[in-house]
Amino acid sequence: MKGGNQDRWEVDFSIELGDLTLKNPMLAASGTYGYGRELNNIIKTDEFGGICTKSITPLARDGNEPPRIAEVKMGMLNSIGLANVGVHAFIQDKIPFLQSLDTNIIVNVAGFTIGDYVEVIQLLEEIDGIDGYEINISCPNVKGGLEFGSSAKSAAKLTKTLRSETDRFLMIKLSPNVTDISEIALAVEGEGANAVSLINTLIGMGIDINSEKPILKNVYGGYSGPAIKPIALAMVQKVYHSVNIPLIGIGGIMNAEDVIQFMLAGATAVQLGTVNFLNPTALTEILDDLVAIAESKGIRKISDFKGRLKEWE
Amino acid sequence: MKGGNQDRWEVDFSIELGDLTLKNPMLAASGTYGYGRELNNIIKTDEFGGICTKSITPLARDGNEPPRIAEVKMGMLNSIGLANVGVHAFIQDKIPFLQSLDTNIIVNVAGFTIGDYVEVIQLLEEIDGIDGYEINISCPNVKGGLEFGSSAKSAAKLTKTLRSETDRFLMIKLSPNVTDISEIALAVEGEGANAVSLINTLIGMGIDINSEKPILKNVYGGYSGPAIKPIALAMVQKVYHSVNIPLIGIGGIMNAEDVIQFMLAGATAVQLGTVNFLNPTALTEILDDLVAIAESKGIRKISDFKGRLKEWE
Amino acid sequence: MRVLSNEKIALNIYSLTFESTALLLESLPGQFVNINVDGEDSPFFRRPFSIADVSQDSVEIIYEVIGAGTWILSTMAAGDSIDIIGPLGEGYDLNFSGSKSILIGGGVGIPPLMFLYNKMKEQGIELQFLAGFKSVAHNYIPRRITNVQYSSDDGSLGTKGYVTDLLTESLLNNEVKHIYACGPEPMLRKVIEIADENEIRCSVSVEKVFGCGTGICMGCVIENSLKRFTETGRKYSLVCMEGPVFDSGDVNL
Amino acid sequence: MRVLSNEKIALNIYSLTFESTALLLESLPGQFVNINVDGEDSPFFRRPFSIADVSQDSVEIIYEVIGAGTWILSTMAAGDSIDIIGPLGEGYDLNFSGSKSILIGGGVGIPPLMFLYNKMKEQGIELQFLAGFKSVAHNYIPRRITNVQYSSDDGSLGTKGYVTDLLTESLLNNEVKHIYACGPEPMLRKVIEIADENEIRCSVSVEKVFGCGTGICMGCVIENSLKRFTETGRKYSLVCMEGPVFDSGDVNL
Ligand SMILES: Cc1cc2nc3c(=O)[nH]c(=O)nc-3n(C[C@H](O)[C@H](O)[C@H](O)COP(=O)(O)OP(=O)(O)OC[C@H]3O[C@@H](n4cnc5c(N)ncnc54)[C@H](O)[C@@H]3O)c2cc1C
Ligand SMILES: Cc1cc2nc3c(=O)[nH]c(=O)nc-3n(C[C@H](O)[C@H](O)[C@H](O)COP(=O)(O)OP(=O)(O)OC[C@H]3O[C@@H](n4cnc5c(N)ncnc54)[C@H](O)[C@@H]3O)c2cc1C
Ligand SMILES: Cc1cc2nc3c(=O)[nH]c(=O)nc-3n(C[C@H](O)[C@H](O)[C@H](O)COP(=O)(O)O)c2cc1C
Ligand SMILES: Cc1cc2nc3c(=O)[nH]c(=O)nc-3n(C[C@H](O)[C@H](O)[C@H](O)COP(=O)(O)O)c2cc1C
Ligand code: FES
Ligand code: FES
């Protein structure tokens with residue numbers, strides 16, 4: 001004990017996601033942290049409570065034609081289009097490093113048919129060191145993929161099938177581009193999902209008035225970053241009042257205050273997405289700042305923030 | 001002709017909205033320009049191509065309890081809750097000034113039942129100097145009101161009823177908080193709407209981590225301002241490819257470049273909303289800058305921008 | 001508009017003057033200007049400040065740095081251009097009864113009263129000025145304003161304690177017809193309570209978060225007791241347009 | 001990191017130096033740093049700049065002001081703190097063949113070649129430096145770099161015309177084993193064409209809009225001709241991670 005009363009405030013950062021225990025409530029969001037290795041010389045990847053990998057499909061995908069990213073004010077648009085190495089190369093080239101990390105590994109799975117999802121999961125079931133799956137039913141960048149996320153019926157059907165394939169932690173990632181997101185959350189909860197993560201990107205578009213072209217070749221792209229945070233928070237709050245499984249909040253998180261906001265609204269954990277592009281060491285800063293916030297509020301267990309939102313009298 | 005070749009580039013700003021001709025494509029957005037009089041000493045209100053009034057309901061409404069506005073990054077949340085003087089006071093106190101203006105007057109109408117809308121419109125039908133109605137089926141701040149905007153069926157039914165009540169210009173204002181906005185646009189077009197305006201605010205939320213309360217008493221509010229522009233643009237583009245009636249683009253417009261972006265995406269006209277709060281003379285600046293942009297592109301007729309978006313080869 | 005000067009005049013408190021327009025020369029005490037400190041970036045809304053003085057060619061505001069908006073303001077220098085609209089709102093009623101008035105303010109609630117003081121002096125109105133500050137370091141009232149009674153939280157200036165204690169005391173010795181108040185909400189509530197007890201007319205200047213400051217967003221509402229229609233139904237008044245100065249009986253603070 | 005200096009060195013062109021880290025001292029020519037110029041406000045993405053030089057305690061970049069990001073950069077002063085990550089990317093292959101090389105660059109494509117020049121000089125590699133600028137006013141190449149042949153658009157510096165004309169000429173008289181190029185895309189395409197005709201190995205440094213610069217957003221793709229799996233399927237390479245320097249035969253510019 002150095003420094004006597006200068007001790008650092010102690011915070012228990014661990015949180016429970018179903019049967020999983022995460023050492024802290026921050027996960028890397030799918031598609032914004034590669035396969036875990038890329039940033040490992042800038043930040044120790046296993047400081048994260050968990051890593052959600054880039055979406056994995058049965059075959060390798062090039063993704064959409066460029067330009068497929070563009071900046072807008074307070075955010076970005078992407079139409080990457082599920083570019084990934086495919087499940088086989090993933091298992092061979094990417095899994096070993098992920099297994100070596102002292103953090104939870106959630107493999108994000110995407111597909112165009114139920115069969116695609118099943119194929120990926122069946123192959124991954126053979127592999128050790130995977131703590132769960134996040135099912136991307138909400139990527140707005142590919143035709144077909146959106147279907148599962150935009151109706152409660154198709155989301156439920158997919159969840160049911162996947163539930164029968166695995167006993168691992170199964171988390172469904174919800175699309176914000178729907179009339180009633182809690183209806184879909186309820187449907188997947190009903191089929192045995194262990195958690196839902198929300199939100200994926202919103203459908204957006206930008207235009208360059210000089211060239212008179214869309215800023216993305218694909219015209220539409222997924223909107224992410226701080227600009228979408230108010231929408232994400234509202235959806236987390238809404239879903240929190242609809243389901244009992246844990247929520248993982250995503251959308252525009254840039255700092256520790258944002259993390260607390262999502263937890264107050266009902267999230268058990270959160271994912272850091274676009275912030276990884278701007279500030280690869282964001283996680284380290286957030287962990288420090290969370291301690292300061294917790295101390296100012298006399299909180300010793302980070303999970304105490306969950307759903308603590310107060311009402312106006 | 002002063003200054004010889006220093007002449008100002010001449011641009012024909014007029015646009016056609018069904019049978020209406022507007023002197024320029026900028027309208028004041030409902031709820032962001034009061035009843036037209038408030039800013040009249042800062043900017044000549046009738047520089048606008050048209051004014052969409054605050055939403056009018058049968059009876060006066062106090063609106064929601066405060067706090068009912070809050071700023072977020074690049075935008076704001078509001079839960080005003082359709083506060084308005086009611087149709088009777090509107091006719092008595094507000095219409096005379098509006099009638100005196102040299103611009104098109106679009107009365108925005110809101111209600112909780114079809115009967116509410118019909119009541120307001122029947123009373124307004126008696127009044128001269130109203131050029132059309134904008135039907136707010138999309139205010140996310142009141143229970144019930146959202147129903148019309150969130151399903152194609154209810155939107156169609158309301159449109160059909162109102163079409164039978166008036167021969168005036170009838171524009172339906174669409175909600176962005178839906179799975180498929182073009183489905184709803186198609187439905188109201190099918191029932192005789194003369195135009196659709198989009199988008200209304202997105203559902204959002206903010207939290208103050210000090211008080212641990214939502215920043216709005218109502219918890220949820222409508223998100224507006226520059227942050228929502230990419231979403232609005234995408235929806236305009238999508239609806240443009242679905243319907244044949246004119247579109248009025250709304251969402252985060254702050255300057256002339258934004259106006260051009262919406263027109264390129266397919267909007268015939270646009271509405272200025274939140275920008276009126278930040279910059280009450282925005283319209284004047286936009287008109288000037290549009291001339292400069294038109295000149296740089298050799299364009300003489302502003303309506304030539306409509307739908308001119310180019311594709312990537 | 002062009003900034004003419006921007007100087008620190010007390011602890012964390014600045015005086016900013018800028019070029020006046022013809023319209024601004026007509027400003028009345030209690031009215032405010034609304035400043036866009038950072039374009040459409042955060043802080044997103046304009047920031048309202050009471051007009052502290054209007055001279056032939058310039059307008060003064062006095063502000064405390066408490067957040068991002070006022071911080072950006074404090075970095076402005078003479079010659080910078082600044083996006084200001086105003087004058088806005090309804091100020092204090094200047095049909096002075098002629099009889100004795102009290103001006104009571106706390107912290108950066110005092111600027112509109114300084115402006116009011118000038119107008120009253122011009123008309124020879126007899127008045128008393130009560131000013132409360134956190135400490136002597138926060139006092140920015142210029143010497144030309146005489147006859148000020150001070151209170152401070154720490155006793156470093158005037159009486160230690162609340163400025164409303166000065167008010168109670170003052171009313172024991174003087175017959176007062178009108179109290180003009182501006183300051184933090186708890187202070188205003190106390191002033192109103194005292195005025196009510198003593199049956200003295202009381203005008204208060206109220207603060208709310210303003211979305212527009214021009215009466216169009218309908219965000220800045222305060223519950224009223226007017227029992228008549230206002231722009232926003234019957235229950236609320238718009239602070240930016242129907243206020244910021246209200247007769248204390250008309251609103252529920 | 002701390003800015004050490006930020007000076008205008010030519011028309012609209014600045015040299016910025018900042019404190020080096022141990023990691024940055026290991027930087028190789030062709031690698032870049034990625035700078036966050038305005039937090040999470042617009043400009044939203046970081047801005048990449050090639051490393052122009054690394055000395056014992058500082059790193060230099062040379063940049064042209066062309067938009068909001070580089071404008072903000074130009075306002076930084078010694079002592080300011082700046083958010084920089086790097087070194088990033090794969091630089092030029094430094095296994096020099098020993099035989100004659102040509103460095104060819106245009107405008108602000110030249111900084112990585114200046115760094116490469118230093119490394120080559122250290123190893124005593126024989127080289128020719130061809131540099132194209134808009135005009136003499138844009139030239140920022142320091143005198144210690146000798147043996148430069150210039151071209152300029154307006155003829156105010158060196159030969160009037162394209163820098164690629166100098167290349168063609170040079171190849172007539174010299175046997176060259178390796179061309180290292182950096183500059184605008186049309187220039188690079190022409191360089192590759194010439195290199196292909198003459199069957200000379202050619203390394204190009206490519207620019208794309210970077211979302212992250214660290215290989216995680218998968219946005220900065222260029223079509224490749226590698227016929228093997230990359231991080232993003234088979235068709236594309238990531239410019240920020242697999243490049244920005246590529247063998248000209250590996251990518252379709
Ligand atoms: C009519 C009126 C007159 C005022 N006159 C003065 C004055 O003369 N001198 C002075 O120092 N202060 C005055 N204020 C308060 C001043 O507007 C706030 O201190 C300022 O807006 C704070 O902005 P910020 O970005 O620095 O702080 P923030 O950190 O953004 O906010 C701190 C607090 O300031 C208030 N505030 C923030 N935004 C607004 C807004 N858009 N409108 C109103 N209040 C807001 C809120 O209470 C908020 O909690 C006045 C306020 C009103 C409504
Ligand atoms: C690997 C690499 C090395 C570079 N090295 C140098 C250098 O040494 N000196 C130099 O002057 N310039 C260099 N550039 C270009 C430099 O990054 C851009 O000039 C700069 O980003 C422009 O930013 P801005 O905000 O001023 O301009 P903006 O007005 O925002 O953009 C102008 C143009 O700059 C480019 N640009 C914008 N954002 C990005 C981004 N996030 N990533 C990449 N390009 C972008 C685009 O082509 C855009 O059209 C390099 C670019 C790359 C990719
Ligand atoms: C470039 C990019 C690529 C993404 N790829 C994926 C993906 O492959 N699978 C997925 O489920 N989500 C993907 N996402 C969505 C993010 O995981 C996250 O849900 C979204 O960006 C919102 O969070 P943010 O605002 O913090 O970025 C991607 C986002 C971005 C910006
Ligand atoms: C304070 C506020 C009040 C609004 N009131 C109404 C309303 O009464 N009726 C309506 O149809 N839209 C209303 N809107 C929505 C706007 O008309 C507009 O659709 C929306 O704000 C998006 O545009 P913007 O980003 O330019 O503000 C309101 C918006 C704001 C910010
Ligand atoms: S602040 Fe907008 S109406 Fe008062
Ligand atoms: S810029 Fe993000 S992967 Fe290259």
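All chains are named by letter (A, B, ...) in the order of the sequence lines, taking the proteins before the strands, and each is independently numbered beginning at 1. The model shown is predicted, which means the values in this text are computed figures rather than measured ones.
The ring of Tyr33(B) has its center closer than 6.0 angstrom to the ring center of Phe48(B). Residues Tyr92(C) and Tyr180(C) place their aromatic rings such that the two centres sit under 6.0 Å apart. Under the 6.0 Å cut-off for aromatic ring centres, Tyr133(B) and Tyr117(B) do not qualify, their centroids lying 6.0 Å or more apart.
Residue Ile42(B) touches chain C through its side chain alone, counting heavy-atom pairs closer than 4.5 Å. Within the 4.5 angstrom heavy-atom criterion, atoms from both the backbone and the side chain of Asn276(B) approach chain C. Using a 4.5 Å cut-off between heavy atoms, Thr274(B) contacts chain C through its side chain alone, with no backbone atom that close. Residue Val275(B) does not touch chain C at all, counting heavy-atom pairs closer than 4.5 Å. Residue contact with chain B, scored on non-hydrogen atoms closer than 4.5 Å, involves the backbone and the side chain of Asp41(C) alike.
With respect to chain C, the highest number of heavy-atom pairs below 4.5 Å among Lys73(B), Lys94(B), Met74(B) belongs to Met74(B). Ranked by heavy-atom pairs under 4.5 Å with chain C, the first of Pro67(B), Ala60(B), Pro66(B) is Pro66(B). Heavy-atom pairs under 4.5 Å with chain C were tallied for Met254(B), Arg68(B), Lys54(B), Glu38(B); the largest tally goes to Arg68(B). Ranked by heavy-atom pairs under 4.5 Å with chain C, the list Gly63(B), Pro280(B), Gly225(B) is led by Pro280(B).
Applying the 6.0 Å contact sphere to NZ of Lys190(C) captures no more than 12 heavy atoms from other residues, nucleotides or ligands.
Ion pairing between Arg189(C) and Glu193(C) fails under the 4.0 Å rule for side-chain N and carboxylate O.
Side-chain contact of Ser225(C) with Asp250(C): a donor-acceptor pair under 3.5 Å is absent, judged by distance alone. Between the side chains of Ser55(B) and Asn136(B), at least one donor N or O lies within less than 3.5 Å of an accepting N or O.
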